[in-house]
Participant: 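Questions regarding the structure given below will be posed in turn.
Heavy atoms only: backbone and side chains are in, while hydrogens, waters and symmetry mates are out. A note on names: the letters A, B, ... follow the listed sequences, proteins ahead of strands, and every chain is numbered from 1.
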2 protein chains.
Amino acid sequence: MKKGKKYSYLYERPALAADTVIFGFDGETLKVVLTQRKKDPFKSRWALPGGFVFMDETTEQAAKRLLLEKAGLKNVFIEQLYTFSDMDRDPRERIVSVAYYALVNARQYEISAGRDTLKTEWFSLQDMPKLAFDHSKIIKLAAERLKGKVSYQPVGFELLNEKFTLPQLQALYEAILETPIDKRNFRKKILSTGLLLALDEKEKNVAHKAAQYYSFDKKMYKELGKKGFHFEL
Amino acid sequence: MKKGKKYSYLYERPALAADTVIFGFDGETLKVVLTQRKKDPFKSRWALPGGFVFMDETTEQAAKRLLLEKAGLKNVFIEQLYTFSDMDRDPRERIVSVAYYALVNARQYEISAGRDTLKTEWFSLQDMPKLAFDHSKIIKLAAERLKGKVSYQPVGFELLNEKFTLPQLQALYEAILETPIDKRNFRKKILSTGLLLALDEKEKNVAHKAAQYYSFDKKMYKELGKKGFHFEL
DNA sequence: TTTTCTTAGTGTAATATTTACACTAAGAAA
DNA sequence: TTTCTTAGTGTAAATATTACACTAAGAAAA
């Protein structure tokens with residue numbers, strides 16, 4: 001037993017961590033926040049923001065704390081993704097990680113580097129560097145999950161500005177689903193759900209016809225989020 | 001530091017467990033396997049089969065081992081459900097549990113009681129006893145997950161006999177979705193997916209018109225399981 | 001052997017949804 | 001005033017969904 005190790009158990013226990021996949025949308029592509037590691041293992045490699053779960057917090061609370069500590073994000077939507085438990089996923093020792101994904105407005109939040117990271121940056125999903133640990137796998141699963149989510153729940157409130165145009169919403173859907181969508185059919189369908197409120201306002205300073213702003217009908221958004229609705233085009 | 005506690009760490013660690021929600025179908029209702037606890041806490045209460053995760057196995061491997069040890073089940077379909085990490089979910093100490101759900105053929109498998117359980121039995125989902133820990137919550141989430149699964153993936157292969165009739169398959173869908181389905185529309189839709197192979201064989205010894213047997217087209221089942229398909233009636 | 005009971009199996013018409021597709025409108029910049 | 005760019009709109013054809021009632025087959029009962 002090494003000196004200074006204060007907590008002892010009858011059976012060996014893995015360490016417990018939380019990792020977060022932070023999705024943002026810049027109007028063009030889906031992005032994910034990565035942090036560059038300061039220390040070994042995988043020193044200077046990019047990785048998901050993550051860290052150990054403390055004894056006085058649930059894994060979700062840990063994920064939210066880490067979002068704040070590592071990326072400066074507060075009050076964001078998160079949902080549990082999956083728990084990764086391969087014995088060798090961390091070369092130091094066994095660490096079981098509960099992964100969460102978060103949806104944030106990439107334009108609204110300035111991402112700030114955390115304490116033990118060199119840099120923290122947005123990376124486009126189609127253009128990812130080589131990642132530490134099994135983090136590529138985690139991101140891949142998160143992207144699939146988000147794709148699934150879009151097809152049965154409204155998505156967008158968390159990722160867009162409060163006011164947004166239909167072309168913006170469509171671009172978001174196309175980025176998540178990784179497929180082009182017919183403009184007219186998209187509008188018809190999304191408007192028929194009753195999710196959207198047309199605002200009395202248009203885009204400004206665009207060198208083409210200005211698009212109308214919409215916002216989500218909060219009540220409807222919540223309702224369809226709970227009971228689900230099928231969205232496919 | 002108490003005597004005999006051999007594993008020491010710098011930081012406190014929760015224990016890691018796996019719990020399993022085993023779904024079966026008896027032709028009428030969805031059932032779940034519960035075991036009656038031999039020891040405190042919650043002595044003699046019904047609970048989900050579960051136990052600690054060892055250091056040389058993933059949580060999924062642990063869930064599979066526990067399925068065998070606690071219920072005598074081998075080679076069954078399992079999928080990760082959710083990780084439960086409330087600090088007080090176990091009164092003894094903090095135990096984080098990764099929950100899995102399994103789908104098995106309730107008629108084919110004899111359930112056998114495990115070592116430290118009094119009894120192991122099937123319980124109908126609508127008729128559950130009071131459960132230990134947060135296991136009611138886990139089962140509720142598992143049932144919702146299964147409901148969701150049915151609407152975008154084929155389900156039935158794991159729960160029915162290799163040969164089954166359309167009324168049996170329909171009864172399964174009705175049990176999972178908790179809603180009656182129109183017979184003609186169900187047949188039309190399920191047959192149009194190409195999932196089913198009509199066999200050259202009928203039910204025997206039934207006091208009414210014998211139903212035709214079908215089996216799943218394995219290739220199609222796998223394909224639709226991977227890429228998903230929308231099923232709703 | 002006939003009748004009864006029970007569940008399997010079948011089709012259609014009305015309605016709703018999905019799909020494919022091309023032009024005009026608005027705004028700034030050249 | 002012309003050009004460039006993106007917003008916004010409608011329809012017809014095809015497909016999918018829904019609601020709904022009778023005949024067929026088999027064993028059991030009379």
Participant: Would you indicate what A/Q212 reaches in the nucleic acid, counting non-hydrogen atoms under 4.0 angstrom: base, sugar-phosphate, or nothing?
Facilitator: sugar-phosphate
Participant: Please tell me whether B/Q80 and B/Y100 have a donor and an acceptor in their side chains that are separated by less than 3.5 angstrom.
Facilitator: yes
Participant: Can a donor-acceptor pair under 3.5 Å be found between the side-chain atoms of A/K188 and the base atoms of C/dT17?
Facilitator: no
Participant: Identify which nucleotide among C/dA28, C/dA8, D/dA7 has an atom closest to any side-chain atom of B/K209, counting heavy atoms from C-beta outward.
Facilitator: C/dA8
Participant: Take the protein atom CG of B/D182 and the nucleotide atom C1' of C/dT7, then report the distance between them rounded to whole Å.
Facilitator: 15 Å
Participant: With a 4.0 Å cut-off on N to O distance, would you call A/D134 and A/K140 a salt bridge?
Facilitator: no
Participant: C/dA8 P sits how many Å from B/F164 CZ, rounded?
Facilitator: 15 Å
Participant: Consider only side-chain N and O atoms of B/D86 and A/T58, and report whether a donor and an acceptor are under 3.5 Å apart.
Facilitator: no
Participant: Less than 4.0 angstrom between a side-chain N/O of A/K189 and OP1 or OP2 of C/dT17, yes or no?
Facilitator: no
Participant: So, under a plain 3.5 Å distance rule, would you say the side chain of A/R184 forms a donor-acceptor pair with the base of D/dA7?
Facilitator: no
Participant: Out of D/dG10, D/dG26, C/dA28, which nucleotide sits closest to the side chain of B/A210?
Facilitator: D/dG26
Participant: Calculate the interatomic distance between A/L196 atom CG and D/dG8 atom P; express it in whole Å.
Facilitator: 12 Å
Participant: When you measure only distances, ignoring hydrogens and angles, does the side chain of B/K183 come within 3.5 Å of the base of C/dT7 through a donor and an acceptor?
Facilitator: no
Participant: Going by modelled atom types, is there a donor-acceptor pair between the base of D/dA27 and the side chain of B/N205 at under 3.5 Å?
Facilitator: no
Participant: Can you tell me the pairing partner of C/dA28 across any strand shown, Watson-Crick or G-U wobble, with both distances under 3.5 angstrom?
Facilitator: D/dT3
Participant: Tell me the interatomic distance from A/F231, atom CZ, to C/dT18, atom P, rounded to whole angstroms.
Facilitator: 10 Å
Participant: When you get a sec, tell me which of C/dT19, C/dT6, C/dA28 is the closest nucleotide to the side chain of A/L233?
Facilitator: C/dT19
Participant: Would one find a side-chain N or O of B/K204 under 4.0 angstrom from OP1 or OP2 of D/dG26?
Facilitator: no
Participant: Any strand counts, and the cut-off is 3.5 Å on both contacts for Watson-Crick or G-U wobble. Which nucleotide pairs with C/dT12?
Facilitator: D/dA19
Participant: Ring centroids only, cut at 6.0 angstrom: are B/F84 and B/Y82 within range, meaning strictly under it?
Facilitator: yes
Participant: What is the pairing partner of C/dT1, taking Watson-Crick or G-U wobble pairs with both distances under 3.5 Å in any strand?
Facilitator: D/dA30
Participant: Starting from the 5' end of DNA chain D, give me the residue, A/L191 or B/N185, whose nearest nucleotide shows up first.
Facilitator: A/L191
Participant: Here's one to test your reading of the geometry: is the NZ or CZ of A/K202 within 45 degrees of the ring axis of A/Y213 and under 6.0 Å from its centre?
Facilitator: no
Participant: NA contact type, A/K202, heavy-atom cut-off 4.0 Å: base, sugar-phosphate, or nothing?
Facilitator: sugar-phosphate
